[in-house]
Amino acid sequence: MENKLGRRLKQLRNEHRMSQMDLARLLGVSRSSISSYENGYRHPDHDTLVRMASCFHVSVDFLLGTENQNAMLNDHYKEVLGEINELLQ
């Protein structure tokens with residue numbers, strides 16, 4: 001079975017220049033748990049998955065690989081920021 005969560009988690013962690021230990025501390029899990037998630041040996045519980053998504057500002061669906069929403073979220077944030085700037089002018 002393909003490990004989309006592990007690949008995306010590792011990709012996001014590297015993009016944010018975080019070590020496995022850095023992410024583990026943020027999420028309140030062990031470094032070995034992060035390694036197990038990335039390598040597909042274990043899956044995070046619901047609460048940990050939600051904290052991961054929040055940490056990286058992506059959806060849980062994106063983390064799980066059911067949606068390729070990361071780009072859409074960025075576009076949405078840009079649109080919202082543009083609307084806020086218009087209102088402030």
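Index from 1, following the sequence.
- Annotation: side-chain hydrogen bond (donor to acceptor under 3.5 Å, both in side chains) contacts of T48 (sequence neighbours excluded): D45, R51.
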In sequence, state the C-alpha distance, the side-chain angles, and the governing distance for L23 and L12, and then conclude on side chain to side chain contact (heavy atoms under 4.5 Å, CB included). CA-CA 10 Å; L23 182 57; L12 289 166; over 6 Å; no
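- With sequence neighbours left out, the side-chain hydrogen bond (donor to acceptor under 3.5 Å, both in side chains) criterion links R25 to no other residue.
- Taken to the nearest 0.5 Å, the CZ atom of R8 stands 4.5 Å off from the CZ atom of F62.
- Residues meeting the side-chain contact (heavy atoms from CB on, under 4.5 Å) test with V50, sequence neighbours left out: H46, V60.
- When each of H43, M52, Q20 is paired with Y37, the side chain to side chain contact (heavy atoms under 4.5 Å, CB included) condition holds for M52 and for no other.
- At a threshold of 4.0 Å, the pair R7-E38 does not count as salt-bridged, since none of the basic side-chain nitrogens sits closer than that to a carboxylate oxygen.
- Residues F56 and M18 form a side-chain contact, since some pair of their non-hydrogen atoms from C-beta on lies under 4.5 Å apart.
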How far apart are the C-alpha atoms of L64 and K4, what are their side-chain angles, what is the distance that settles it, and do they pass the side chain to side chain contact (heavy atoms under 4.5 Å, CB included) test? CA-CA 6 Å; L64 294 175; K4 290 181 182 181; over 6 Å; no
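- A distance of 8.5 Å separates NZ of K10 from OG of S35, quoted to the nearest 0.5 Å.
- Atom CG of N14 is separated from atom OG of S19 by 10.0 Å, given to the nearest 0.5 angstrom.
- The shortest heavy-atom contact between G40 and N3 is N-ND2, 3.1 Å.
- Of all the heavy atoms in L63 and A53, the pair that sits closest is CD1-N, 3.5 Å.
- Using a 4.5 Å cut-off between side-chain heavy atoms of Ile, Leu, Val, Met, Phe, Trp and Tyr, with links allowed through other members, L26 and L5 fall into the same hydrophobic cluster.
- Judged by distance alone, the side chain of S36 and the main-chain N or O of Y41 form no donor-acceptor pair under 3.5 Å.
- For the atom pair CG of N39 and CD1 of I34, the computed distance is 11.5 Å after rounding to the nearest 0.5 Å.
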